[in-house]
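Ligands are counted one by one from 1 in listed order, and the atoms in each one are counted from 1 as well. All heavy atoms count here, side chains included; hydrogens, waters and symmetry mates do not.
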Amino acid sequence: MKSSRKKILVTGGAGFLGSHLCERLLRDGHDVLCVDNFFTGSKDNVVHLLGNPRFELMRHDITFPLYVEVDDIYNLACPASPVHYQHDPVQTTKTCVHGTINMLGLAKRVGARIFQASTSEVYGDPEVHPQPEGYVGRVNPIGPRACYDEGKRCAETLFFDYRRQHGLNIRVARIFNTYGPRMHPNDGRVVSNFIVQALKGEPITLFGDGRQTRSFCYVDDMIEAFIRLMRTSDDVTGPVNLGNPAEFTIRALAENVVRLTRSASALEFRPLPEDDPRQRQPDIGLAKALLGWSPSTELEDGLRRTIVYFEALLRERPTCS
Ligand SMILES: NC(=O)c1ccc[n+]([C@@H]2O[C@H](COP(=O)([O-])OP(=O)(O)OC[C@H]3O[C@@H](n4cnc5c(N)ncnc54)[C@H](O)[C@@H]3O)[C@@H](O)[C@H]2O)c1
């Protein structure tokens, strides 16, 4: 289903999810303004879009104000993996808070609808499984992950205050682990980590005993959910959990990756980092009801497509740094 042509801003558009979203919005016939400071994203992720006259790429840091005219805003800008968001934690909080204020201010000025890429990390290390949207979370405000977890929580607060105070048209998605082509090869995220290690024949590093569980959503399913959430009626604000409820242990994921890459890599166990959640599984009942959406890509299919991407990347850049 195609909607009428719009000018759409995607912040963090040169990142993993952002580049897939830009592609999809162009395919749907929209004009896309991709804004990114290239901290974790790269021009390589959108280079194939540069020839499209409806696509525009702008280097800009959203912690500074942005003056553009757009109909919709998808606010995805933010380093998303612990390695990257802990690299400069103050900048991470600034991106979440100042950046979000700037994007909400822009939405208010131009009357745009605005989407926030929030995260399952707002639930912290939860006592409730799976986590419904009404669960308020258990986050350590002074731990090393807090710059991201609390930053994203504050961004949600800002979204809802702009809604209450200024009547903004908002959508908040709480995204659970998503994977696919164009993930950063060495950002420490578990799927990309395992695939790169397996393809290089290096040991697969697992933290703890590997019995902690995660759910993994393939990127195409996630982007479909973003689009559906943005198209809902204006009384739908979220937060809405988006993810794949199928739960796997980290160990099972590692074993799948080794099998699919036909790698000889061995599994190697390391100590669990501080504040690492033991279990993470979305309750997507609300997304199913509101959006008529649930993920359709099997883990094995998604892994195969992601492996193809990393094989090509490693052929081009064997050190993958
Ligand atoms: N991928 C997931 O599993 C996942 C899960 C939960 C939430 N999210 C959220 O989705 C969004 C996209 O995540 P991703 O996985 O694509 O990560 P990513 O790191 O690939 O993309 C983030 C993009 O934002 C850009 N960026 C960072 N700070 C910026 C700033 N101050 N100004 C402008 N651009 C900036 C980066 O350069 C990068 O291109 C993030 O907000 C993240 O928190 C992702």
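- Applying the 6.0 Å contact sphere to NE2 of His48 captures more than 12 heavy atoms from other residues, nucleotides or ligands.
- The ring pair (Phe, Tyr, Trp, His ring centres under 6.0 Å) test with Tyr179 is passed by exactly one of Tyr309, Tyr218, Phe16: Tyr218.
- Between His166 and Tyr162, the angle of the ring planes lies from 30° to 60°, which puts this pair in the tilted group.
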Steps toward salt bridge (charged side-chain N to carboxylate O under 4.0 Å, His left out) verdict (Arg305, Glu300): CA-CA 9 Å; Arg305 289 185 237 171; Glu300 180 146 339; over 6 Å; no
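- The residue among Ser120, Ser118, Ala80, Gly41 with a heavy atom at the shortest distance from atom 7 (C) of ligand 1 is Ser118.
- In this structure, Arg113 CZ and Arg171 CZ are separated by 5.5 Å, a value rounded to the nearest 0.5 Å.
- Contact annotation: Gln91 has at least one heavy atom less than 4.0 Å from an atom of ligand 1.
- The residue Ser81 has no part lying near ligand 1, judged by heavy-atom distances below 4.0 Å.
- Scanning Ala117, Cys96, Gly12 for the heavy atom closest to atom 9 (C) of ligand 1 points to Ala117.
- Contact annotation for His84 and ligand 1: no heavy atom of the residue comes within less than 4.0 Å of the ligand.
- Of the candidates Phe216, Tyr85, Tyr179, Tyr148, Tyr148 brings a heavy atom nearest to atom 42 (C) of ligand 1.
- Protein heavy atom in closest approach to atom 32 (N) of ligand 1: Ile62 N, 3.0 Å.
- Distance check: Phe38 CZ to Asn45 CG gives 9.5 Å after rounding to the nearest 0.5 Å.
- At a 4.0 Å cut-off, not a single heavy atom of Gly99 sits close enough to ligand 1 to count as contact.
- The shortest N/O to N/O separation between Phe16 and ligand 1 falls below 3.5 Å.
- Within the 4.0 Å heavy-atom shell around ligand 1 one finds His60.
- Heavy atoms of Arg189 found under 4.0 angstrom from ligand 1 belong exclusively to the side chain.
- Here the rule is side chain to side chain donor-acceptor pair (under 3.5 Å) with Arg174, and of Glu121, Glu156, Gln116 only Glu156 fits it.
- Taking the six-membered ring for Trp and thresholds of 30 and 60 degrees, His84 and Phe39 have ring planes more than 60 degrees apart, a perpendicular arrangement.
- To the nearest 0.5 Å, atoms SG (Cys22) and CG (Leu9) are separated by 9.0 Å.
- By the 4.0 Å heavy-atom criterion, Leu76 is counted among the residues contacting ligand 1.
- Contact annotation for Asp36 and ligand 1: heavy atoms of both the backbone and the side chain come within less than 4.0 Å of the ligand.
- Within the 4.0 Å heavy-atom cutoff, Lys152 counts among the residues contacting ligand 1.
- Polar contact with ligand 1: present for Thr178 (N/O pair, distance under 3.5 Å).
- For the pair Arg138 and Tyr123, the cation-pi test (distance below 6.0 Å, angle within 45°) is failed.
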